[in-house]
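Keep in mind that this is a model prediction, so the values were computed, not measured. Counting convention: from 1, in listed order, for ligands and their atoms alike.
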Amino acid sequence: MFKRLQQKWGISGAQFWVIFVAFGLTGITTAFITRYITGWIGLTKETFWLWKVLLRITMLVFGYQVVLLSYGALLGQWAFFWKYEKLLLQKLGMMPSEKTESSFKTVNMAIFASGAGSNAANIIRYFKNRPDTKIGLIVCNKPEAGVLGIADKNGVPTLLIEKDRFAKGDAYLPELQKTGIDFVVLAGFLWKVPAALIAGYPNKIINIHPALLPKYGGKGMYGSKVHEAVIAAGEKESGITIHFVNEHYDEGATIFQASCSIDHADTPETLAAKIHDLEYAHFPKQIDELLAKHVGK
Ligand code: GAR
């Protein structure tokens with residue numbers, strides 16, 4: 001958790017602990033000042049409760065922030081805490097938003113899927129309650145795909161796409177941009193990604209493939225077809241590959257691979273289950289790490 005915060009805020013380990021100490025000192029100091037003011041203005045046990053609550057709220061909203069900035073400055077972390085305060089003021093509507101607060105930015109991710117959507121469901125579950133990452137759209141090309149029900153259940157908007165416009169037209173870029181999508185994850189999406197989409201999201205589209213690329217990739221190699229080919233070839237292991245997407249099927253740079261063994265009793269179905277387990281264990285984590293490194297959350 002500490003490491004994730006560190007990555008999200010873009011700070012070093014030492015800086016993280018200084019910031020941690022500043023928050024702690026601020027809590028203690030604010031409590032002390034509140035008690036002092038309570039005595040100074042003569043609030044006692046008998047005083048009407050509302051006045052005491054109002055004092056606490058005032059101290060929390062204003063006093064705490066001033067003390068925090070002071071400790072931040074004293075400990076050499078003014079830039080960090082000022083950024084933090086500005087974000088808070090913007091959230092409270094007391095300051096206009098700036099688009100430059102990139103280290104606290106929420107990444108808005110689209111998942112492209114055309115199948116059952118178990119990976120999409122797993123990614124949604126992983127990033128639930130994460131203020132830094134949002135699943136803003138599910139893109140699908142099959143009206144009957146299970147992933148649409150998953151999107152609906154999780155309140156994620158969907159976009160149903162049609163082949164000609166996707167492959168030969170604008171690749172639905174206007175819709176993606178209008179939704180504020182800044183990262184694309186293919187999770188069981190079988191169409192080739194057109195140049196228009198790659199140009200719109202350079203190095204920001206990744207795919208998961210259910211085999212150890214470069215083996216068993218390319219056009220027509222998807223889902224159970226991959227597992228059937230792997231078993232038929234008598235392979236002793238298979239696995240998953242997470243990779244950047246370029247204009248050729250399954251050829252973009254590899255980000256991560258994990259493998260599993262295959263024994264003589266395995267069938268395409270049992271292998272598919274092993275592969276799905278690997279996907280669930282690694283895909284969301286790899287997305288998380290990649291976003292922290294390259295998209296600048
Ligand atoms: C996944 O195993 C994924 O690796 C594969 O489709 C499956 C989708 O399952 N993708 C490909 O074959 C891409 N060439 P899901 O719909 O349950 O997530």
Engineer: Give me the pairs of N or O atoms, one from ligand 1 and one from the protein, that sit under 3.5 Å apart.
Structural biologist:
unit_1, atom_1, unit_2, atom_2, d
ligand 1, 2 (O), Glu279, OE1, 3.0
ligand 1, 2 (O), Glu279, OE2, 3.0
ligand 1, 4 (O), Glu279, OE2, 2.4
ligand 1, 9 (O), His276, NE2, 3.3
ligand 1, 12 (O), Gly223, N, 2.9
ligand 1, 14 (N), His209, ND1, 3.4
ligand 1, 14 (N), Met221, O, 3.4
ligand 1, 16 (O), Ala116, N, 3.3
ligand 1, 16 (O), Gly117, N, 2.7
ligand 1, 17 (O), Ser118, N, 3.0
ligand 1, 17 (O), Ser118, OG, 2.5
ligand 1, 17 (O), His276, NE2, 3.4
ligand 1, 18 (O), Ser118, N, 3.4
ligand 1, 18 (O), Asn119, N, 2.9
ligand 1, 18 (O), Asn119, ND2, 3.0

Engineer: Using salt bridge (charged side-chain N to carboxylate O under 4.0 Å, His left out) as the criterion, list what pairs up with Lys163, not counting sequence neighbours.
Structural biologist: none
Engineer: Assess, by modelled atom type and distance only, whether the side chains of Ser114 and Asn141 contain a donor and an acceptor separated by less than 3.5 Å.
Structural biologist: yes
Engineer: Looking at Val139, Val193, Leu159, which hits side-chain contact (heavy atoms from CB on, under 4.5 Å) with Phe112?
Structural biologist: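 Going through Val139, Val193, Leu159 one by one, the side-chain contact (heavy atoms from CB on, under 4.5 Å) with Phe112 is satisfied by Val139 alone.
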Engineer: Can you check whether Gln65 reaches Leu88 side chain to side chain, under 4.5 Å on heavy atoms?
Structural biologist: yes
Engineer: State which residue, out of Leu271, Asp266, Leu212, fulfils the side-chain contact (heavy atoms from CB on, under 4.5 Å) condition with Val230.
Structural biologist: Leu271
Engineer: Measure the NZ-CG distance between Lys192 and Asp250 for me, rounded to the nearest 0.5 Å.
Structural biologist: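 One finds 11.0 Å between NZ of Lys192 and CG of Asp250.
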